[in-house]
Amino acid sequence: LTDNDEIQEANIIKSEIYKTQSNKAELIVEDHKLLSNKNNIVGIYDPEDNDLSIEMWVNSDGANILKIIKKVQKINLSDDATAILNLALLTNSYFPQKNINNEQFLKIKSDWLLKQHNLNLIETYLEKNKNLDNQSNLIKYYVDYYLSRSDLDKACEIFDTINNLIND
């Protein structure tokens with residue numbers, strides 16, 4: 001091989017290495033995007049099961065949602081109205097994007113679950129949304145309920161279900 005051939009071969013190898021590294025960097029960026037978006041869908045129910053859309057909250061005005069939920073929290077709903085609100089709030093969906101942040105919307109869901117005192121729904125919500133932060137109020141409620149009834153096994157069962165480390 002001549003010096004020119006060796007230089008060309010070295011440049012081809014460098015180019016291939018650069019392409020490989022560039023592809024790896026793109027994959028890392030894509031993985032990071034997936035990880036950073038891991039909490040974009042939160043809920044229990046499949047939207048298709050109830051003819052709803054996964055985007056049903058996306059274009060909603062958060063200020064209106066907060067105002068309506070504040071009113072709803074003050075009244076005692078019928079069983080039918082409770083079931084409808086359960087479907088609306090607990091169906092897997094993207095977060096609203098206008099005048100509300102994700103934490104506020106998650107708090108609405110948590111507060112609603114706590115108001116109902118439905119331990120089965122709370123357990124299912126925690127189980128299906130294991131990667132959520134700041135769910136300690138739901139876990140605490142669940143554990144306190146069973147501890148107050150001296151049911152230590154059931155109180156600790158939630159930790160096996162969610163397999164999550166709690167600092168509190």
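In what follows, residues are counted from 1 in the order of the sequence shown.
For the pair Val42 and Leu106, the minimum side-chain heavy-atom distance is below 4.5 Å. Inter-residue side-chain proximity for Leu147 and Leu152 is flagged as met; some heavy-atom pair is nearer than 4.5 Å. Put simply, the side chain of Glu157 reaches to within 4.5 Å of the side chain of Glu123, judged on heavy atoms. With a 4.5 Å cut-off on side-chain heavy atoms, Pro96 and Val58 do not count as touching. In this structure the side chain of Leu121 reaches within 4.5 angstrom of the side chain of Gln116, judged on heavy atoms. With a 4.5 Å cut-off on side-chain heavy atoms, Asn118 and Ile122 do not count as touching. Under the 4.5 Å side-chain criterion, counting only non-hydrogen atoms from C-beta, Tyr45 is not in contact with Leu52.
Under a cut-off of 6.0 angstrom, the local environment of NZ in Lys115 is crowded, with over 12 non-hydrogen atoms contributed by other residues, nucleotides or ligands. More than 12 non-hydrogen atoms from other residues, nucleotides or ligands lie less than 6.0 angstrom from NZ of Lys154.
Sorted by first then second residue, the ring-ring contact (aromatic ring centres under 6.0 Å, His included) pairs that include residues 55-86, not counting sequence neighbours, are Trp57-Phe105. Screening residues 122-155 for ring-ring contact (aromatic ring centres under 6.0 Å, His included) gives His117-Tyr141, Tyr142-Tyr146 as the qualifying pairs, with residues at least two apart or on separate chains.
From Leu114, atom CG reaches atom CG of Asn137 across 5.5 Å, with rounding to the nearest 0.5 Å. We find the CD-CG distance between Glu48 and Asp46 to be 5.5 Å, quoted to the nearest 0.5 Å. Taking CG of Leu138 as the reference point, atom CG of Leu126 lies at 5.0 Å (rounded to 0.5 Å). Distance check: Asn99 CG to Asn64 CG gives 8.5 Å after rounding to the nearest 0.5 Å. The line from CG of Leu66 to NZ of Lys107 is 10.5 Å long, rounded to the nearest 0.5 Å. With rounding to the nearest 0.5 angstrom, the CG atom of Leu90 is 9.0 Å from the CH2 atom of Trp112.
Put simply, the side chain of Lys109 gets close to the backbone of Leu89: a donor and an acceptor are under 3.5 Å apart.
Closest non-hydrogen pair, Thr91 versus Met56, comes out as CB-CE, 3.6 Å. Shortest non-hydrogen contact noted between Pro47 and Asn92 is CG-O, 3.4 Å.
The salt bridge (Lys or Arg N to Asp or Glu O under 4.0 Å) search around Lys140 returns Asp144, not counting sequence neighbours. Judged as a side chain to side chain donor-acceptor pair (under 3.5 Å), and not counting sequence neighbours, the contacts of Ser110 are Gln135. Take Thr124 and apply the side chain to side chain contact (heavy atoms under 4.5 Å, CB included) test, not counting sequence neighbours, and it matches Ile44, Lys128.
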Under 3.5 Å, side-chain donor or acceptor atoms of residues 70-85 against the rest of the protein: list the pairs with distances, not counting sequence neighbours.
residue: Ser78; atom: OG; partner: Ala81; partner atom: N; Å: 3.1
residue: Thr82; atom: OG1; partner: Ser78; partner atom: O; Å: 2.9

